[in-house]
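Taking it in order: structure first as structure tokens, then the write-up.
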Amino acid sequence: MLSKFALTFFRMSVVIAIKNAAATAIQALYQQNFTADDVSVNITKPEFEGEYTVVVFSFTKFSRLKPEETGKQLGEYLLAHYPALFTGFNVVKGFLNLQIQDQYWIQYLQTAHSNKTVGQQPANGRKVMVEYSSPNTNKPLHLGHLRNNFLGYSVAEIYKANGFEVIKANLVNDRGIHICKSMLAWQMFSHGETPQSSGIKGDHLVGDFYVHFEKVLRDQAEPIISRVLDGNLKDFEGAEKDKIEKLHNATHKPEVQADKEKLAKVQDEIKELSRNKTEIMQQAKIMLQQWEAGNPEVRALWATMNGWVYEGFNKTYQRLGIDFDKMYYESNTYLLGKDLVEEGLRKGVLFRKEDNSVWIDLTADGLDEKLLLRGDGTSVYMTQDLGTARLKYDDYHMEESLYVVADEQNYHFKVLKLILQKLQEPCADGIYHLSYGMVELPHGRMKSREGTVVDADDLIEEMVKTAAEQTEELGKTKGFSEEELRELYETIGLGAMKFFLLKVDPKKKMVFNPEESIDLHGFTGPFIQYSYARIKSILREFSTADLEELTGYSHNTALLPMEKELIMLCEQFNAILLEAQREMSPAVIANYAFLLAQTFNSFYAKKEEGKYIYSVRDAENEDKKKLRLQIAILTANTIKQSLKFMGIAVPERM
RNA sequence: GGACCGGUAGCUCAGCUGGAUAGAGCAGCUGCCUUCUAAGCAGCAGGUCAUUGGUUCGAAUCCAAUCCGGUUCACCA
């Protein structure tokens, strides 16, 4: 039995127990003020004896002894004062390798194996909002949204696991010029087509009209652009004419022509101005004004088409297993923020220029001046976001507010937080931009104009199909009903996709090759799912009664290496979840789940002299059988929970 | 030009709050189904951790400079 002392440590995880013990030892041995955080503890390298290693180099300045001597003193102290925790030690150079009592691991196993929600911490009374997904309603979801959705969902689940109350929020960009483009194209070219009449999913139908708009726009812009390049500026007048003239002249300057990048930039600007001059673009702008003025016809069309899109999005969300607690719509929030600006002016944080526009000066913080209200009193993106930040806080009073948004908006969020801090908004300090890298194709970014955008629904369908093909190829469909197979393929296909997008550190950009389908072998979701299913298959060898009477065995023989290794790994789960939350990175869990599955697979297959030495069913005695059953159950539960926090389901058989 | 991010095996990535001989997966090569599920296991091969300098007992990890790639610096969202 463990001492009361050791039991206290037991609840904190063994690494923390070791750190505390080591810090206490340093204080006692060398009369130094030393905290547990100053102790560096690593997992012992496999070539040395022991489970955890304390690095002692930094203690030598207190001990005034060689690292080896210091390690020996510390080891002896720990062994003498914590006999319930340590059973032995050895010192190699400055590394103190500690051997942990088997009883410690067994104790963890006994308590944890029956816990179906292992990893889940009790409520901590703190609240966090995670805003993610945030789609535009003019196009269907694509690969980039998938990374965003999976990331947001997973981080929210990780916070929940650590005891937070979480509000998953979705701020839908449901208004603006881009939606008017789809609407206008529908009016002009659809002949009244609807999702019902065409059989096309609503978000895709609306997206098709957006593409149609862009095509017409391109056709109309082309002659204007060539006229400008020829020096004919008849399409422009007034200030615009001056501007385009300047740009046109610039294209002939030798220094611009020599700098390809600069030339491309000037030409892009000419194109953009020309596109604005097209008839169809003018119409779209008129429609936007009508929308803002509340024109009933425009509003009705807008509501109808957005309705189609939501229907489509909801199908996709449902299939992905993504959900939200709170929806925000930009059509309701885009006017917010003006009162914040008024208050800012009164406080003297903001200032007004001659043309009546309102700005904040951030040059002291190494940034620029930032516009918050145009001269005509209308607001910009930033103003809206300021207002929405306050709205969210008024709604929930959360301590933390995460925004899952791609890293191209790093500057925006830096400025957003800074302005809120200067305005002394209570929400300011809790704002965190969970910035993630773009998903790129082998040849660079996805570009809608080049038609290289990977559609989310297509990709899901393809992955599920791949899962079906592989399952059939392996001849693993026996004993499943049609319905069960469909469900299995969803689980595997989505598992592969989610794991693929979550296994990489969020802040790094990543590459997706649409030519190769996502792998189902190696460091993948299906590998881990398979490992889980195999454990379940082992457990099916036993009756429910067998599985329920596992405690109370006497354990006299020492734990074998891989038995111990698996329990140790499982014991690290809580620490992993904390790290994943601190880093806001599901990748931490992905790596852990893979390691755990891989370790169990080795355990399962380990053979000596033709015998499976870790066999559960054919264990050498009843006690070992019970022990290994507990290990199998604990491992399965830990794998299942790990994947759950990544939004990935596990199959009982595959 | 300023700011920020990245550069680790052929490819995709871990490791980065300094610790022992830098790890996985894929691709390549060799073995293992008389097994509780081979979507697996065991092994071989593969490295100037972009470069240079510094900090120290110790640097892929921290600092500086340089090179390469990306993002951003709109009265767009």
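Residue numbering restarts at 1 for every chain, and letters A, B, ... go by the order of the sequence lines.
With rounding to whole Å, A/Lys503 atom NZ is found 14 Å from B/G15 atom P. The distance from atom CD of A/Gln598 to atom P of B/C26 is 9 Å, rounded to the nearest whole Å. One atom, NZ of A/Lys507, and another, C1' of B/G70, lie 16 Å apart when rounded to the nearest Å.
A/Arg374 has no side-chain polar atom (N or O) that falls below the 4.0 Å cut-off from OP1 or OP2 of B/C75. Distances shorter than 4.0 Å separate none of the side-chain N or O atoms of A/Tyr411 from OP1 or OP2 on B/A74. Between B/A39 and A/Lys476, a contact under 4.0 Å exists linking OP1 or OP2 to a side-chain N or O. Between B/G69 and A/Lys509, no contact under 4.0 Å exists linking OP1 or OP2 to a side-chain N or O. Regarding contacts with the backbone of B/U35, every side-chain N or O of A/Arg534 stays at 4.0 angstrom or more from both OP1 and OP2. When the side-chain nitrogen and oxygen atoms of A/Lys414 are compared with OP1 and OP2 of B/C73, none of them lie within a distance under 4.0 Å. Note on A/Tyr530: a side-chain N or O is less than 4.0 Å away from OP1 or OP2 of B/A39. Contact check, A/Asn601 against B/C41: a side-chain N or O comes under 4.0 Å of OP1 or OP2.
In this structure, the side chain of A/Trp302 does not engage the main chain of A/Met183 through any donor-acceptor pair within 3.5 Å.
Residue order along RNA chain B, read from the 5' end via each residue's closest nucleotide, puts A/His521 first among A/His521 and A/Asp407.
For A/Tyr432 and A/Phe413, the distance between ring centers is not under 6.0 angstrom.
Stacking of A/Phe594 onto the six-membered ring of B/A24 is not present when judged by under 5.5 angstrom between centres and under 30° between planes.
A cation-pi contact, defined as under 6.0 Å to the ring centre and within 45° of the axis, is absent between A/Arg617 and A/Phe542.
Closest to the side chain of A/Ser602, out of B/A42, B/U17, B/C75, is B/A42.
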